[in-house]
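Quantities reported herein were computed from a predicted structural model and do not represent experimental measurements. Letters go in sequence order (proteins before strands), and every chain restarts at 1.
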There are 2 protein chains.
Amino acid sequence: MTAAPRKAPTAPKFRRRADARPDEILDAALAVFTEKGFDAARVDDIAGRAGLSKGAVYLYFDSKEALLRGLIEREVSPIAMRLKALADAGGDDPQATLRLIVTMATQLIDDARVFATPKLVLAVAARFPEIGEHYRKRVVDQAIDAIAGLHRRGVEAGVFRQADSGAVARLVMGPILLFAMRKHILGAKDKISTTARAEAHLDLLFEGLAVR
Amino acid sequence: MTAAPRKAPTAPKFRRRADARPDEILDAALAVFTEKGFDAARVDDIAGRAGLSKGAVYLYFDSKEALLRGLIEREVSPIAMRLKALADAGGDDPQATLRLIVTMATQLIDDARVFATPKLVLAVAARFPEIGEHYRKRVVDQAIDAIAGLHRRGVEAGVFRQADSGAVARLVMGPILLFAMRKHILGAKDKISTTARAEAHLDLLFEGLAVR
DNA sequence: CATATATAACTGACCGGTCAGTCAGTAGCA
DNA sequence: TGCTACTGACTGACCGGTCAGTTATATATG
């Protein structure tokens, strides 16, 4: 909250940090948008949390909507990267790769900060359809395609059964998303460990429900 | 939009229908909230769509927020009912019941009107946590519990493999939810038939991915 | 090192538009 | 004639966005 004085006995009212500002403002915007929604969030609140006045925010962003767009934009790339990294990890062993993806995704999405952007996107998508669509194309569909591709390679390699690859992708992602939504959006607080959850998911994923 | 005149050559400016009003207003509210979000929706819009003036809305509801709460309340029960009906259908054959549930749920949620309330809940849950929690307890968790119970009965009957019932429930619901979200919130428009999707889901659900 | 000058970073009071909620009055009905 | 359902103009608060003025820092000068 209060800026640390450097040496002068009187703390300066503000410091010049033009290059760090945009990121600080976006951090604050993500926090406030996530917790109040886009409309209910006041630019004043965002400015306050970033340690600036409202006017300063408008030095870096044209409008409240620009704040939203800039935020989504900044958050999308890292997630897309992470997805790519997950999919590329050990591409020659589809089974092990799938285990890795499920385990990591389960753990990642359990973190409220990681899920903050998806949560925000879900909340604003009705008002800003392009944001929703952009997010789907760059994140959701990338993940789905990666898993579908992984499945196809696994079928060729003889380690996966023949099946609809799209359905496989949904079977991998769906349960993880469902849990995250219950927890981060609908306020559930079950206390199963992420590893236990991933293991149970993987067991069912590979073996199915049928007795044999 | 325009009220149908009953017999008079000049259409009356309004009709006395006090008992039908609340539902009409809630219908309009659901439409406008879903399409614009809670804040961006104007009470004037809702009134207009219901064929009334804004003042009339306040004869039936205390506030905009009361409109939201009344709406969720009204929409929760039917869905809970429907879930109960699905779960109770043919309780002595767990396998067939699961097939039925997946097929029906896949079809139901494909309808934008059916998914309108869940979509709205997801959007407002950040601002009104009790609404999210209420919806989870009365709808989401009911569905999860119903499927988990079904699985346990199936295990006892020897038709399902032993497994974590919670994980089974997520494996049943998750993929359906994921598809609905992509379609209704993120604007995806794939054109797989619902029956094909349900079949692919069921195949994987029962048989899993492992080769045998 | 001290002082003057320039300018970038920032503040906060203010304006204008929007909208939830109110209420005095009007239309339909019995 | 009286009652109920309803209208629509109005109000008051709120908030996005602006801008004249202030403060911190960099640079120039002695």
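The OH atom of Tyr60(B) sits 18 Å away from the P atom of dG21(C) (whole-angstrom rounding). Across the protein-nucleic acid pair, Phe61(A) atom CZ and dT18(D) atom C1' stand 18 Å apart, rounded to whole Å. The distance between atom CG of Leu59(A) and atom P of dT23(D), rounded to the nearest whole Å, is 17 Å. Per the geometry, CG belonging to Asp62(B) stands 9 Å off P belonging to dG21(C), to the nearest Å.
The salt bridge (charged side-chain N to carboxylate O under 4.0 Å, His left out) check on Glu130(A) picks up Arg69(A), with sequence neighbours excluded. In this structure Glu75(A) satisfies the salt bridge (charged side-chain N to carboxylate O under 4.0 Å, His left out) test with no other residue, sequence neighbours excluded. Considering only residues two or more places apart in sequence or on other chains, Arg42(B) meets the salt bridge (charged side-chain N to carboxylate O under 4.0 Å, His left out) condition with Asp45(B). Residues satisfying the salt bridge (charged side-chain N to carboxylate O under 4.0 Å, His left out) test with Asp44(B), not counting sequence neighbours, are none.
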Atom pairs under 3.5 Å: protein N/O with N/O of nucleotides 13-16 of chain D:
| unit_1 | atom_1 | unit_2 | atom_2 | d |
| --- | --- | --- | --- | --- |
| dG16(D) | OP1 | Ala41(A) | O | 3.2 |
| dG16(D) | OP1 | Lys64(A) | NZ | 3.0 |
| dG16(D) | OP2 | Val43(A) | N | 3.0 |
| dG16(D) | N7 | Lys54(A) | NZ | 2.9 |

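Under the ring-ring contact (aromatic ring centres under 6.0 Å, His included) criterion, the residue pairs touching residues 121-148 of chain A are Phe38(A)-Phe128(A), with sequence neighbours excluded. Note on residues 168-193 of chain B: pairs passing ring-ring contact (aromatic ring centres under 6.0 Å, His included), not counting sequence neighbours, are Phe115(B)-His184(B).
Residues from residues 65-73 of chain A lying near DNA chain D, meaning a heavy-atom separation below 4.0 Å, are absent.
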Can you give each donor-acceptor pair under 3.5 Å made by side-chain atoms of residues 105-112 of chain A, sequence neighbours left out, with the distance rounded to 0.1 Å?
| unit_1 | atom_1 | unit_2 | atom_2 | d |
| --- | --- | --- | --- | --- |
| Thr106(A) | OG1 | Val102(A) | O | 2.6 |
| Asp110(A) | OD1 | Lys183(A) | NZ | 3.1 |
| Asp110(A) | OD2 | Lys183(A) | NZ | 3.2 |
| Asp111(A) | OD1 | Arg113(A) | N | 2.9 |

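In terms of heavy atoms, Lys36(A) sits closest to Ala41(A) at CB-N, 4.1 Å.
The side chain of Leu52(A) sits closest to dT11(C) out of dA9(C), dC6(D), dT11(C).
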